[in-house]
Amino acid sequence: MRAAVVTAYGAAPRYLEFPDPKPAGAHEIVVEVLAAGLHPRVRMQAGGSHYTSAGSGLPLVPGIDGVGRDAGGRLWYFMSLNGRYGSMAERAVIDTRRSVVLPAHADPLAIAATLNCVIASWLALTQRISMRPGQNVLVLGATGGTGRMAVRVARRLGADQVVAVGRDPERLAALPGATATAVTGDVETIAGIGAGIDIVLDFLWGEPAAEAMAAMVSNRADPARLLTWVNLGEMAGPRMTLPAGALRSTRLQVLGSGQGSLTGVTMTAEIPAVAAAIVDGAYAVEPDPVPLHDVERAWSLPADSSKRIVLHRL
Ligand SMILES: NC(=O)c1ccc[n+]([C@@H]2O[C@H](COP(=O)([O-])OP(=O)(O)OC[C@H]3O[C@@H](n4cnc5c(N)ncnc54)[C@H](OP(=O)(O)O)[C@@H]3O)[C@@H](O)[C@H]2O)c1
């Protein structure tokens, strides 16, 4: 088959011949891949820098999820958590226990662009922690695909206040669902509106997260009120400094949500509800479709967090 193939970490994948993946168990079937999102996580996988990269080896087909059609015509959303055979190929083997059948009228591009962005905060708020209606949420990195969806997910799960923090003031102002906004690095504003926050969904880490955490911790209205900091991504850097005093002076709890801290079973169990909400129009990330054979061009397109590149064969 033809596939996007990574032969060297850091170089763009090329459209090359690659061995067909073979089903190995009773739960595995082959699908013709129709669409696969080029998420930041996929760039990390292709660059060898994701925490799951160790030991996966090269060459590999990138892509962590996609939409495909089986021999019987059914449309599936699937996750490809096997490091070697990803979704950016003509065909993929899917584990039906990690996949869901979509309604026949579901748009493969819309699902491939949106589902990963929605499920990130959905799983964090429902599975890693249990957000209660009426709690206040702050989203760091709120103008990106997952950040924008996180604002909506938090509101739909019953959050009272949802504070959106991002680096682009114009896009922040246009963000639906946010009850307040602050520009990344504006620590005074973040300290003020963050005083009564219960949960932070952090897609940035690095310096912006360190600054925001220090500002919020120093200004808690009630230091005994739990502040749960959930890391989901590292767009601003893989490390941050965590002052010991922050942990002792307030009830600060830091944890992460992602592959590993969430089991495959937990992640799969939530997919049907998320897929249904996308099909119903509750969540949408605009797809930027690029044919699979143009994968090298897709990789070179400038970063634009207002849309999601989707490699497709439609
Ligand atoms: N744990 C999970 O379950 C899970 C699931 C999906 C994604 N993620 C992770 O979440 C993160 C965001 O993914 P995404 O899909 O939202 O990506 P995206 O659509 O490309 O958005 C990236 C966001 O990060 C911001 N950003 C990038 N570099 C920055 C910097 N140096 N300083 C401050 N802000 C910066 C962007 O700001 P602009 O909008 O101004 O460009 C944008 O808001 C990634 O690390 C991804 O791996 C995690």
Side-chain angles (χ1 to χ4, degrees), residues 36-47 49-53 62-65 79-81 112-129 138-153 163-175 178 181-187 190 200-212 229-240 254-264 266-268 270-271 274 283-288 298-299 301-310:
L38 177 40
H39 315 300
R41 157 80 171 78
V42 178
R43 287 187 188 275
M44 293 173 83
Q45 175 193 26
S49 64
H50 193 257
Y51 63 82
T52 57
S53 293
I64 56 162
D65 68 347
M79 289 191 289
S80 292
L81 302 179
T114 310
L115 201 142
N116 176 262
C117 295
V118 176
I119 206 154
S121 49
W122 183 301
L123 289 171
L125 292 173
T126 63
Q127 303 301 318
R128 280 297 280 149
I129 61 173
L138 182 144
V139 179
L140 262 185
T143 54
T146 50
R148 274 179 288 128
M149 293 302 107
V151 171
R152 295 186 82 101
V153 169
V163 179
V165 180
R167 61 183 177 178
D168 183 331
E170 277 176 30
R171 288 180 44 219
L172 273 179
L175 206 61
T181 62
V183 176
T184 314
D186 178 356
V187 289
I190 292 172
V200 175
L201 296 176
D202 173 8
F203 296 97
L204 301 182
W205 210 241
E207 194 54 33
E211 283 177 354
W229 197 285
V230 189
N231 172 258
L232 291 107
E234 49 186 77
M235 294 304 295
R239 305 202 190 293
M240 84 156 179
V254 182
L255 68 156
S257 182
Q259 187 183 340
S261 57
L262 293 160
T263 64
T266 306
M267 290 160 83
T268 313
E270 297 301 316
I271 294 174
V274 175
Y283 304 102
V285 172
E286 186 189 343
D288 181 3
W299 238 258
L301 291 172
D304 179 355
S305 65
S306 67
K307 298 187 276 196
R308 182 59 40 108
I309 294 170
V310 177

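Quick note: residue numbers are just sequence positions, from 1. Remember, it's 1-based here, ligands and their atoms both numbered in the order they're listed. All values below come from the heavy atoms of this structure, side chains included, with hydrogens, waters and symmetry mates left out.
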Engineer: Enter the distance from Ser257:OG to Gln127:CD here, rounded to the nearest 0.5 Å.
Structural biologist: 9.0 Å
Engineer: Could you find the nearest protein heavy atom to atom 34 (N) of ligand 1 and give me its residue, atom name and distance?
Structural biologist: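 So the nearest neighbour among protein heavy atoms is Leu204 CD2, 3.4 Å.
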Engineer: Closer than 4.0 Å to some heavy atom of Phe203 - which atoms of ligand 1 meet that?
Structural biologist: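 The atoms of ligand 1 under 4.0 Å from a heavy atom of Phe203 are 10 (O), 11 (C).
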Engineer: May I ask you to test the Met79-Ile271 pair for a side-chain heavy-atom distance under 4.5 Å?
Structural biologist: yes
Engineer: Please could you name the atoms of ligand 1 that Gly145 approaches to less than 4.0 Å, counting only its heavy atoms?
Structural biologist: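 Checking each atom against Gly145, I get 16 (O), 18 (P), 19 (O), 21 (O).
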Engineer: Can you find an N/O atom of Thr143 closer than 3.5 Å to an N/O atom of ligand 1?
Structural biologist: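 Indeed, backbone or side chain, Thr143 has an N or O that close.
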Engineer: Let's go through Thr146 and Ser121 carefully: what are the C-alpha distance in whole Å and the side-chain angles of both, what is the deciding distance for side-chain contact (heavy atoms from CB on, under 4.5 Å) to 0.1 Å, and is it a yes or a no?
Structural biologist: CA-CA 7 Å; Thr146 50; Ser121 49; over 6 Å; no
Engineer: Within the side chain of Asn116, is there an N or O that forms a donor-acceptor pair under 3.5 Å with the backbone of Val118?
Structural biologist: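 No, Asn116 side chain to Val118 backbone: no donor-acceptor pair under 3.5 Å.
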Engineer: Given 3.5 Å as the limit, does a donor-acceptor pair link the side chain of Thr114 with the main chain of Val285, or not?
Structural biologist: yes
Engineer: Give the contacting part of His39 toward ligand 1: side chain, backbone, both or neither, where contact means a heavy-atom distance below 4.0 Å.
Structural biologist: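 Under 4.0 Å from ligand 1, His39 contributes no heavy atoms.
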Engineer: Do the side chain of Arg128 and the main chain of Gly256 share a donor and acceptor less than 3.5 angstrom apart?
Structural biologist: yes
Engineer: Counting only heavy atoms, which portion of Arg308 has something under 4.0 Å from ligand 1: side chain, backbone, both, or neither?
Structural biologist: side chain
Engineer: Consider side-chain contact (heavy atoms from CB on, under 4.5 Å). Of Thr184, Val165, Thr181, which one does Leu172 pass it with?
Structural biologist: Thr181
Engineer: Looking only at N/O atoms, are Asn116 and ligand 1 under 3.5 Å apart anywhere?
Structural biologist: no
Engineer: Near Ala236, which atoms of ligand 1 are under 4.0 Å from a heavy atom of that residue?
Structural biologist: 30 (C), 31 (N), 32 (N)
Engineer: Quick check on contacts: which atoms of ligand 1 are under 4.0 angstrom from a heavy atom of Glu234?
Structural biologist: 45 (O)
Engineer: Short question: side chain of Arg41, backbone of Gly233 - any donor-acceptor pair under 3.5 Å?
Structural biologist: no
Engineer: What do we get for Ile119 next to ligand 1 when only non-hydrogen atoms under 4.0 Å count, side chain, backbone, both or neither?
Structural biologist: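 For Ile119, no heavy atom sits under 4.0 Å from ligand 1.
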Engineer: Is His50 in contact with ligand 1, taking contact as a heavy-atom separation below 4.0 Å?
Structural biologist: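 Contact check His50 vs ligand 1: negative.
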Engineer: Which atoms of ligand 1 are found less than 4.0 Å from any heavy atom of Ala120?
Structural biologist: 3 (O), 4 (C), 5 (C), 6 (C)
Engineer: Would you find a donor on one side and an acceptor on the other, under 3.5 Å apart, between the side chain of Arg308 and the backbone of Pro287?
Structural biologist: no
Engineer: Go through the structure and list residues passing side chain to side chain donor-acceptor pair (under 3.5 Å) with Glu286, not counting sequence neighbours.
Structural biologist: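 Not a single residue meets the side chain to side chain donor-acceptor pair (under 3.5 Å) criterion with Glu286.
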Engineer: Check Ser257 against ligand 1 and report side chain, backbone, both or neither, counting heavy atoms closer than 4.0 Å.
Structural biologist: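 Answer for Ser257: backbone.
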Engineer: So which of Pro40, Gly144, Gly185 gets nearest to atom 17 (O) of ligand 1, if we judge by its closest heavy atom?
Structural biologist: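 It is Pro40 that holds the nearest heavy atom.
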Engineer: Please could you name the atoms of ligand 1 that Gly258 approaches to less than 4.0 Å, counting only its heavy atoms?
Structural biologist: 1 (N)
Engineer: If you take all heavy atoms of Ala36 and Ala112, which pair is closest and at what distance?
Structural biologist: N-CB, 4.1 Å
Engineer: So which protein heavy atom does atom 44 (C) of ligand 1 come closest to, and at what separation?
Structural biologist: Met235 SD, 3.4 Å
Engineer: Just to be sure I read this right, does ligand 1 sit under 4.0 Å from the backbone of Arg167, its side chain, both, or neither, counting only heavy atoms?
Structural biologist: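 Side chain only; the backbone of Arg167 stays clear of ligand 1.
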Engineer: Compare Ile64, Thr146, Leu232 and give the one whose heavy atom is closest to atom 14 (P) of ligand 1.
Structural biologist: Thr146
